[in-house]
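This report refers to the structure that appears directly beneath it.
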Amino acid sequence: MSEIKTVGVLGCGLMGAGIAQVAAMQGFTTIVREVEQAVLDRGLGRIRKFLDDGVAKGKVSEDVRTTTLANLSGTTTFDDLGGCDVVIEAIVENLDVKRAAYDALERVVGGHTIFLSNTSSLCITELAAATKRPDRFGGLHFFNPVPLMKLVEVIRGLATTDATYERVFAFAQALGKEPITAPDRPGFIVNRLLVPYLLDAIRAYEHGLGTVEDIDKGMKLGCGHPMGPFTLLDFVGLDTTYFIANIMFEEFREPAYAPPPLLKRMVLAGRLGRKSGEGFYKY
Ligand code: 3HC
């Protein structure tokens, strides 16, 4: 991966911070950009805490913590991303906001820079078309918690060249991840299977199949899942699940992807899961 040395990350929220951490841990010079210093500081703090906890658990060496933090810097400007060979965008799932960010990036980066989006549900071809480099654009979809989940999905847009795709796949491996190739269809591979399962769990609960606790226990202890569906829904975020489900339903028009009424109402009530303090469980 001699040609990719410097990695930019747009967004230092839960996913962006995890992605920046992984890139810095694997030896890439990594610059993460947030809109506001306070949000950036929170994200960088989360990375530091993960590394400190890792050292305390004996999972991360002191050396790795030191070099990771040395490889990592934060910024609130686009100018500092000018020298990046790859920029991974992990900002809000809104086409206009992403388009504005790509515009600003294109003003400062070189022609060789590859743009990657960590979107979980937006169309990669549409995002690529919002840039002047659709041939050097792809999807790189990570899973939460990014430093612990081995998988990453590599997605080609309609205009992504073979050369870009191959570089991105090798880059995903250089990040220490196990990449799989997924099509540019809503949900890619994992969410295409996971989201209908989560929606089905809500529907089943609405129809009286069992308590939230028992359904979770069933799938955890009966099937060896690390989290039951409701714990996972709260972990992913009910708003995120609702957003992805709507996009999948709009594209495929199949009932399996239709968000159940309870999910919509919980989102409307602000019960978004762990991040809001209440979802199917209280935190
Ligand atoms: N540094 C290094 N390693 C650490 C660490 C740290 N700070 N914290 C934890 N670890 C290690 C632990 O030592 C442990 O390693 P081991 O397996 O070798 O012993 C491993 O990570 C698991 O950590 P814990 O034992 O503390 O925690 P759990 O066993 O409770 O696992 C979990 C936590 C990994 C989150 C697990 O519950 C899980 O896999 N849940 C499912 C998550 C999932 O499905 N994510 C995908 C969501 S979908 C998505 O993201 C897509 C989007 O588009 C919606």
Side-chain angles (χ1 to χ4, degrees), residues 1-13 15-35 40 43 68 70-120 122-142 146 152-177 179 181-182 184:
M1 290 312 296
S2 58
E3 63 278 58
I4 295 179
K5 290 199 170 83
T6 306
V7 175
V9 180
L10 286 188
C12 198
M15 297 304 282
I19 295 166
Q21 178 186 324
V22 162
M25 270 181 115
Q26 295 300 319
F28 294 98
T29 301
T30 307
I31 308 155
V32 56
R33 191 248 172 202
E34 249 305 342
V35 273
L40 179 64
T68 301
N71 288 339
L72 184 67
S73 59
T75 183
T76 53
T77 74
F78 281 100
D79 289 345
D80 289 338
L81 300 176
C84 292
D85 303 307
V86 166
V87 178
I88 306 168
E89 168 270 305
I91 63 173
V92 63
E93 296 280 56
N94 176 300
L95 185 58
D96 290 335
V97 179
K98 288 189 196 286
R99 186 179 282 134
Y102 300 154
D103 266 0
L105 258 185
E106 285 199 294
R107 276 179 244 263
V108 297
V109 296
H112 75 292
T113 307
I114 295 178
F115 285 9
L116 298 170
S117 179
N118 175 56
T119 183
S120 58
L122 298 182
C123 173
I124 297 299
T125 301
E126 188 176 13
L127 295 179
T131 71
K132 295 184 193 75
R133 61 185 73 214
D135 52 323
R136 284 151 289 153
F137 194 104
L140 196 61
H141 183 221
F142 292 83
V146 178
V152 67
E153 291 176 311
V154 178
I155 305 108
R156 300 180 71 144
L158 218 53
T160 311
T161 59
D162 289 345
T164 300
Y165 163 73
E166 281 155 21
R167 283 185 77 193
V168 174
F169 198 91
F171 172 59
Q173 288 171 320
L175 288 174
K177 296 296 182 195
T181 304
D184 183 20

Looking only at atom types and distance, does a side-chain atom of [X] sit under 3.5 Å from a main-chain N or O of [Y], one as donor and one as acceptor?
{"X": "E89", "Y": "I91", "result": "yes"}
{"X": "E153", "Y": "H141", "result": "no"}
{"X": "T164", "Y": "D135", "result": "yes"}
{"X": "E106", "Y": "K132", "result": "yes"}
{"X": "D80", "Y": "T75", "result": "no"}
{"X": "R136", "Y": "G111", "result": "yes"}
{"X": "E93", "Y": "S120", "result": "yes"}
{"X": "T125", "Y": "L158", "result": "yes"}
{"X": "D85", "Y": "T6", "result": "yes"}
{"X": "T160", "Y": "F137", "result": "yes"}

Q) Is L10 close to F78 at the side-chain level, that is, under 4.5 Å between some pair of heavy atoms? A) yes

Q) Is any side-chain heavy atom of D162 less than 4.5 Å from a side-chain heavy atom of R156? A) yes

(Q) Determine whether L175 and V152 satisfy the following criterion, side chain to side chain contact (heavy atoms under 4.5 Å, CB included), listing intermediate values before the conclusion. (A) CA-CA 10 Å; L175 288 174; V152 67; over 6 Å; no

Over all atoms of both residues, closest heavy-atom pair of [X] and [Y]:
{"X": "R33", "Y": "V35", "answer": "NH1-CG1, 3.6 Å"}
{"X": "G139", "Y": "I124", "answer": "CA-CD1, 3.6 Å"}
{"X": "V32", "Y": "G11", "answer": "CG2-O, 3.6 Å"}
{"X": "M15", "Y": "N118", "answer": "CB-ND2, 3.6 Å"}
{"X": "A17", "Y": "G43", "answer": "CB-O, 3.9 Å"}
{"X": "L140", "Y": "L116", "answer": "CD2-CD1, 3.7 Å"}

Q. Between CG of L127 and OG1 of T131, what distance do you get to the nearest 0.5 Å?
A. 9.0 Å

Q) How long is the gap from CD on E3 to CZ on F171, to the nearest 0.5 Å? A) 11.0 Å

Q. Is it true that atom CG of L95 has more than 12 heavy atoms of other residues, nucleotides or ligands lying nearer than 6.0 Å?
A. yes

Q: Carefully, step by step, assess R133 and T113 under the rule side chain to side chain contact (heavy atoms under 4.5 Å, CB included).
A: CA-CA 9 Å; R133 61 185 73 214; T113 307; 3.7 Å; yes

Q) How are the rings of F115 and Y102 set relative to one another: parallel (under 30°), tilted (30 to 60°) or perpendicular (over 60°)? A) tilted

Q) Considering the options T29, I31, I4, V7, which one meets the side-chain contact (heavy atoms from CB on, under 4.5 Å) requirement together with C84? A) I31

Q.
Working note: L122 + K98, criterion side chain to side chain contact (heavy atoms under 4.5 Å, CB included); need CA distance, chi angles, decisive distance, verdict.
A. CA-CA 11 Å; L122 298 182; K98 288 189 196 286; 3.6 Å; yes

